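Residue numbers start from 1 in every chain, and the chains themselves are labelled A, B, ... in the order their sequence lines are given, proteins ahead of strands. Remember, it's a predicted structure, so these values are computed and weren't measured experimentally.
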Number of protein chains: 2
Amino acid sequence: MFSWIIVLNLEKLSFLTTKKTAQELHGEDFIYNLSYDSVIFGFNGKLLKILILEYHNTGLFALPGGFVKRNESLEDAVKRGVKERTGLEHIYLEQFHTFGSLTRSNPSAMKRILEENDYDVKRNEWLLDRFITVAYYALINYDKVSPKPDSLSDSINWYAIDELPSLMMDHEQIVEKALQVLRDNLEKKLVGMNLLPSKFTMKQLQKVYEAILGEELRRTTFQRRILGMNILERHEKLFQGRAHKAPYLYSFKSNNINKSQEQKITT
Amino acid sequence: MFSWIIVLNLEKLSFLTTKKTAQELHGEDFIYNLSYDSVIFGFNGKLLKILILEYHNTGLFALPGGFVKRNESLEDAVKRGVKERTGLEHIYLEQFHTFGSLTRSNPSAMKRILEENDYDVKRNEWLLDRFITVAYYALINYDKVSPKPDSLSDSINWYAIDELPSLMMDHEQIVEKALQVLRDNLEKKLVGMNLLPSKFTMKQLQKVYEAILGEELRRTTFQRRILGMNILERHEKLFQGRAHKAPYLYSFKSNNINKSQEQKITT
DNA sequence: TATTATTGTAACAAACTGAGACAATAATTA
DNA sequence: TAATTATTGTCTCAGTTTGTTACAATAATA
């Protein structure tokens with residue numbers, strides 16, 4: 001009992017010292033040379049956005065990422081990281097590529113980040129080594145999130161995908177690849193389900209598709225095609241107080257919930 | 001000059017000692033906890049096959065895999081491994097998934113493999129740790145390869161995809177996923193180019209598609225669709241000495257060679 | 001010279017897609 | 001209360017793609 005209290009006090013004290021060795025960065029807890037990065041997509045009704053964090057006093061922007069503990073699975077590590085940043089659990093996650101070039105790491109930028117955050121560089125030297133990173137994208141409901149910066153970064157914000165700041169290392173390539181794969185998967189998986197509230201209008205759904213594809217779609221063709229898939233359930237009308245016919249609300253049929261991760265059966 | 005000779009002699013001698021510490025397994029040369037595995041597809045004219053190796057005296061079958069050197073890129077590591085096993089350079093390679101569950105590694109099987117091959121287990125202890133593996137598939141011309149086993153395995157052989165032996169660890173799941181992704185990519189990439197000789201008949205191409213999809217296709221529809229893509233060049237007829245009309249030989253148009261890795265432009 | 005098996009292509013129907021038209025309708029305005 | 005406005009849901013028609021069947025061409029064999 002007593003030892004518990006001491007440990008807690010020590011942890012609290014460590015935040016007050018000049019040289020931090022934050023518990024979550026202790027090298028022996030993690031697998032070396034391996035990281036993950038996440039491209040967290042959200043949709044604000046008009047634009048597709050992703051979460052970007054900025055490190056303290058460095059002007060460096062990066063994707064939310066992290067490391068894999070020795071006793072946790074790769075996927076659990078990513079879930080843990082996304083949950084820390086978004087507060088969300090049970091998130092739609094899709095692994096899309098692993099980046100392993102020799103040139104992708106940037107020890108001097110990492111050193112600067114550690115120094116600016118008062119971490120002891122020597123005790124965290126494993127962070128300056130080369131990293132191979134497994135990249136995931138997440139699709140989340142924009143409105144349900146209030147993003148939280150981690151201990152190294154002082155802000156985490158939504159950026160529209162065509163208004164990103166310049167990102168460190170190869171993170172711009174990672175975003176580019178995430179978008180490619182998301183576009184490919186748009187026809188195969190029920191992407192909209194994860195980016196919209198549970199009830200939505202046909203127009204909202206179309207806007208999601210347009211934001212992802214980066215092009216406009218024909219309204220009548222889109223509506224016919226989506227309804228033809230037989231994956232939507234029609235609900236009551238939505239009266240928006242506008243001077244025109246009210247649209248119906250739709251939801252994805254419940255038997256499709258598990259299919260959001262699966263492949264669409266093409267007839 | 002002299003020191004060179006000594007070094008070479010020591011290396012040769014090491015093969016004669018009971019406890020080997022093969023140069024290619026020295027732990028300090030490699031990134032820990034990270035491996036790659038390759039699903040190498042070939043087509044023998046009828047069946048889609050993959051290369052499986054069998055470890056000495058263990059009855060354990062596995063995918064050809066390996067480790068990433070500290071100073072080489074992930075992709076170079078895979079190329080090196082595939083070249084060692086097949087002798088082929090400039091291979092069509094596609095990364096498809098990274099497997100990182102906690103349960104996928106099997107230290108006792110690895111220990112057995114090391115012991116049966118007279119490796120010093122203690123000096124290679126890093127091999128008994130957990131591994132996260134990046135999986136690639138390769139498409140190669142079946143006839144141009146005479147597979148070579150590596151130092152740990154005593155055979156490497158082609159197996160039809162529906163007649164595989166039971167594989168160690170999660171390698172069966174890896175093969176399953178490779179097939180899924182290959183099937184998805186069949187419509188998007190020029191897969192046939194890499195599995196067939198440079199000149200082939202329409203029937204051969206159709207057989208490749210059928211072997212990958214695992215279903216029969218309608219001859220006339222297939223022919224019309226492929227010719228409609230405008231990616232094939234027609235050459236002389238092939239006289240097979242059979243009592244019927246001789247088929248034309250085709251090749252992929254040379255301006256498509258770079259497109260074999262790219263996405264097909266859907267009209 | 002007739003037969004056989006396979007190939008290349010055409011013909012037609014069915015299904016799907018692009019583009020436009022139009023009636024229905026919720027709120028506003030006259 | 002009735003006309004107006006903007007958007008929605010659906011229909012039509014033409015153009016394209018796909019499934020199916022048919023058939024002529026043809027290399028070797030009987």
Side-chain angles (χ1 to χ4, degrees), chain A residues 45-46 183-184 186-188 192 196-197 199-253 264-267, chain B residues 45-46 183-184 186-188 190 192 196-197 199-253 263-267:
Chain A
K46 292 199 165 185
R183 282 175 185 152
D184 280 5
L186 188 54
E187 301 301 308
K188 291 187 275 190
L196 290 172
K199 286 186 183 179
F200 48 87
T201 66
M202 191 58 72
K203 182 161 211 165
Q204 282 178 288
L205 185 60
Q206 186 178 339
K207 288 282 177 198
V208 171
Y209 274 68
E210 290 177 338
I212 291 172
L213 294 174
E215 61 179 316
E216 301 201 340
L217 300 173
R218 267 157 289 273
R219 184 181 64 91
T220 54
T221 312
F222 178 79
Q223 186 144 343
R224 180 176 51 192
R225 203 164 57 88
I226 296 286
L227 289 177
M229 287 180 190
N230 208 32
I231 52 172
L232 295 188
E233 207 161 346
R234 180 179 283 184
H235 301 279
E236 73 280 7
K237 288 187 175 184
L238 173 66
F239 299 96
Q240 295 157 302
R242 317 274 312 287
H244 54 73
K245 186 170 176 179
Y248 287 105
L249 283 169
Y250 298 89
S251 68
F252 288 95
K253 281 184 183 166
K264 203 196 79 190
I265 297 105
T266 41
T267 46
Chain B
K46 293 200 165 184
R183 280 174 186 154
D184 279 4
L186 187 55
E187 302 300 309
K188 292 188 274 191
L190 301 175
L196 288 173
K199 287 185 182 178
F200 48 86
T201 66
M202 189 61 71
K203 181 159 212 167
Q204 281 179 288
L205 185 59
Q206 185 178 340
K207 288 281 178 198
V208 170
Y209 274 68
E210 290 177 339
I212 291 172
L213 293 174
E215 60 179 317
E216 301 202 341
L217 300 173
R218 268 159 289 273
R219 184 180 64 91
T220 55
T221 311
F222 179 79
Q223 185 144 345
R224 179 176 52 193
R225 202 165 59 90
I226 296 286
L227 290 177
M229 288 179 188
N230 207 33
I231 52 172
L232 294 188
E233 206 162 343
R234 179 179 284 183
H235 300 279
E236 73 280 5
K237 289 187 173 182
L238 172 67
F239 300 96
Q240 295 158 300
R242 316 272 313 282
H244 55 74
K245 188 171 175 178
Y248 287 104
L249 284 168
Y250 298 89
S251 69
F252 288 96
K253 281 184 184 167
Q263 196 130 359
K264 203 195 78 187
I265 298 104
T266 42
T267 47

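- Between A:Arg225 atom CZ and C:dC16 atom P the separation is 12 Å, expressed in whole Å.
- Under the side chain to side chain contact (heavy atoms under 4.5 Å, CB included) criterion, B:Arg234 pairs with B:Tyr248, B:Tyr250, not counting sequence neighbours.
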For a quick test of your reading: what N or O donor-acceptor pairs under 3.5 Å do the side chains of residues 204-213 of chain B make, sequence neighbours left out?
unit_1   : atom_1 : unit_2   : atom_2 : d
B:Gln204 : OE1    : B:Thr201 : N      : 2.9
B:Gln206 : NE2    : B:Glu210 : OE2    : 3.1
B:Gln206 : NE2    : B:Leu217 : O      : 3.0
B:Glu210 : OE2    : B:Leu217 : N      : 2.9

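- Taking B:Phe200 as the reference, B:Phe252 meet the ring pair (Phe, Tyr, Trp, His ring centres under 6.0 Å) condition, with sequence neighbours excluded.
- Remark: P of C:dA19 and CD of A:Gln223 are 17 Å apart, rounded to the nearest angstrom.
- With rounding to whole Å, A:Ile226 atom CD1 is found 16 Å from D:dT10 atom C1'.
- As rounded to whole Å, 16 Å separates atom P of D:dT20 from atom CZ of B:Phe222.
- Place B:Thr220 and A:Pro247 on DNA chain D by their nearest nucleotides, and A:Pro247 ends up nearer the 5' end.
- Remark: B:Lys203 is not in phosphate contact with C:dT6, judged by side-chain N or O atoms under 4.0 Å from OP1 or OP2.
- When distances run from any side-chain atom of B:Thr221 to the nucleotides D:dT10, C:dG8, D:dT20, the shortest one goes to D:dT20.
- Residues from residues 210-219 of chain B that place a heavy atom under 4.0 Å from any atom of DNA chain D, listed by number: B:Arg218.
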Pairs under 3.5 Å (N/O, protein and nucleotides 28-30 of chain D):
unit_1 : atom_1 : unit_2   : atom_2 : d
D:dA28 : O4'    : B:Arg242 : O      : 3.2

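- With rounding to whole Å, B:Leu232 atom CG is found 11 Å from C:dG8 atom P.
- Atom-to-atom distance recorded for A:Met229:CE and A:Leu232:CG is 9.0 Å, nearest 0.5 angstrom.
- Of the side-chain N and O atoms in B:Lys237, one or more sit less than 4.0 angstrom from OP1 or OP2 of D:dA27.
- Summarising the geometry, the separation between CG on A:Leu238 and P on D:dA6 is reported as 20 Å, rounded to the nearest angstrom.
- Atom-to-atom, CZ of B:Phe200 to P of C:dT7 comes out at 15 Å; the value is rounded to the nearest Å.
- When rounded to the nearest whole Å, the span between NZ of A:Lys207 and P of D:dT7 equals 10 Å.
- Remark: A:Lys245 is not in phosphate contact with D:dA6, judged by side-chain N or O atoms under 4.0 Å from OP1 or OP2.
- The list of side-chain hydrogen bond (donor to acceptor under 3.5 Å, both in side chains) pairs with a residue in residues 236-245 of chain A, not counting sequence neighbours, reads A:Lys199-A:Glu236.
- Every residue two or more places apart in sequence or in another chain was checked for a side chain to side chain contact (heavy atoms under 4.5 Å, CB included) with A:Thr220, and none qualifies.
- Taking 3.5 Å as the limit, the base of D:dG19 and the side chain of B:Arg224 contain a donor-acceptor pair of atoms between them.
- A salt bridge between A:Glu215 and A:Arg183 is absent, with no side-chain N of the basic residue lying under 4.0 Å from a carboxylate O of the acidic one.
- Closest heavy-atom contact between B:His235 and B:Glu233: CD2-O, 3.5 Å.
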